[in-house]
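Notes to accompany the following structure.
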Amino acid sequence: MKKIGVLISGGGTNLQALIDNIHGDTAEIALVVSNKADVYGLTRAEQAGIPSATVSEQAFKNEKLFFAKIVELLQDYQCDGVILAGFMRILTEEFIDSFPNRIINIHPALIPSFCGEGYYGMHVHRAVVDYGVKVTGATVHFVNAVCDGGPIILQECVSVKDDDTPEDVQQRVLALEHRLLPKAVALFCQDRLVVEGRRVQILP
Ligand code: GAR
């Protein structure tokens with residue numbers, strides 16, 4: 001069974017979806033790392049008996065050292081892959097190079113729309129409502145050096161209704177995320193994802 005590390009920054013509902021749907025089955029969540037102390041995602045890890053750590057950027061001289069510490073922890077726990085489940089930081093090149101094609105991110109929109117620097121969490125759903133698009137969705141993708149620019153593994157859409165608030169959109173997208181992320185991580189852990197350039201082939 002592959003070991004994965006999950007990086008979070010907040011409530012961790014996507015982490016919970018991974019705990020409920022794949023932990024101990026297709027994957028072992030070996031470690032949860034948060035860059036914020038006292039977030040509910042850490043409680044979720046504890047309740048599931050999964051080791052966790054808080055790594056705060058303030059404790060390090062610079063961003064490189066902060067990310068190097070997270071890499072060290074993930075390697076200590078022998079993680080084969082890393083899942084960004086609501087992790088609100090852009091990874092350094094060194095981090096990405098430590099896990100080539102083995103880092104997966106979930107983004108709460110249809111990449112390449114509403115993505116890139118500054119588009120995270122509620123900012124995304126506000127931008128979606130402001131723009132007036134009729135559909136949005138969720139995207140699970142491999143992480144490369146371009147922010148939100150790596151090869152797409154799974155992507156599905158939901159409709160945006162005329163009277164939706166950003167919070168309404170968030171709830172609809174989150175329900176989709178909770179289905180897509182465990183599915184993508186299971187495919188990764190079963191070695192069923194083949195990356196060919198920008199395209200990801202899913203093996204039967
Ligand atoms: C999720 O909607 C996730 O897609 C988003 O943050 C939320 C975390 O929720 N991630 C990003 O915006 C990354 N760019 P959660 O903590 O309840 O899983």
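No hydrogens, no waters, no symmetry mates; every other heavy atom, side chains included, goes into these values. In this text the structure is predicted, and so the values were computed from the model without any measurement. Every number for a ligand or one of its atoms is a count from 1 in the order of the listing.
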Practice prompt. Grab the two heavy atoms, one from Leu91 and one from Phe95, that are nearest each other, plus how far apart they are.
Written response: CD1-CD2, 3.7 Å
Discussion item. Within the structure, is a non-hydrogen atom of Val124 found at a distance of less than 4.0 Å from ligand 1?
Written reply: no
Worksheet item: Is Phe87 in polar range of ligand 1, meaning some N or O pair under 3.5 Å apart?
Response: no
Worksheet entry | Residue-ligand contact Gly41/ligand 1, heavy atom below 4.0 Å | no
Response to the item:
For Gly11, the ligand 1 atoms with a heavy-atom partner under 4.0 Å come out as 16 (O)
Worksheet item: Looking only at protein heavy atoms, which one is nearest to atom 11 (C) of ligand 1, and how far off is it?
Response: Pro108 CD, 3.7 Å
Practice prompt. May I ask you to identify the nearest protein heavy atom to atom 16 (O) of ligand 1, giving residue, atom name and distance to one decimal place in Å?
Written response: Gly12 N, 2.8 Å
Worksheet item: Does atom CZ of Arg199 have more than 12 heavy-atom neighbours from other groups under 6.0 Å away?
Response: no
Worksheet entry | Distance-only N or O hit between ligand 1 and Asn14, under 3.5 Å | yes
Fill in: Heavy-atom closest contact (Arg44 atom, Ile19 atom, distance)
O-CD1, 3.9 Å
Worksheet entry | Any N/O pair Thr13/ligand 1 closer than 3.5 Å | yes
Worksheet item: Counting only heavy atoms not in Glu93, do more than 12 fall under 6.0 Å of its CD?
Response: no
Worksheet entry | 4.0 Å heavy-atom contact, Leu174 with ligand 1 | yes
Worksheet item: Just wondering, are more than 12 heavy atoms of other shown residues or ligands nearer than 6.0 Å to CZ in Phe60?
Response: yes
Discussion item. Is it true that, when you exclude Glu196 itself, more than 12 heavy atoms of the residues, nucleotides or ligands shown sit nearer than 6.0 Å to its CD?
Written reply: yes
Worksheet item: So, for Thr136 and Ala109, which heavy atoms are closest and what is the spacing to 0.1 Å?
Response: OG1-CA, 3.9 Å
Worksheet item: Just distances here: any N/O of Glu177 and N/O of ligand 1 closer than 3.5 Å?
Response: yes
Worksheet item: What atoms of ligand 1 come closer than 4.0 angstrom to any heavy atom of Gly86?
Response: 6 (O), 8 (C), 10 (N)
Worksheet item: Can Met88 be said to touch ligand 1, with heavy atoms closer than 4.0 Å?
Response: yes
Worksheet item: Counting only heavy atoms not in Asp130, do more than 12 fall under 6.0 Å of its CG?
Response: yes
Practice prompt. State the atoms of ligand 1, each with its element, that fall below the 4.0 Å cut-off from a heavy-atom position in Gly121.
Written response: 11 (C), 12 (O)
Practice prompt. State whether the side chain of His178 and the backbone N or O of Ala17 hold a donor-acceptor pair below 3.5 Å, judged by distance alone.
Written response: no
Worksheet item: Heavy-atom distance to atom 13 (C) of ligand 1: which of Leu181, Leu84, Ile106 wins?
Response: Ile106
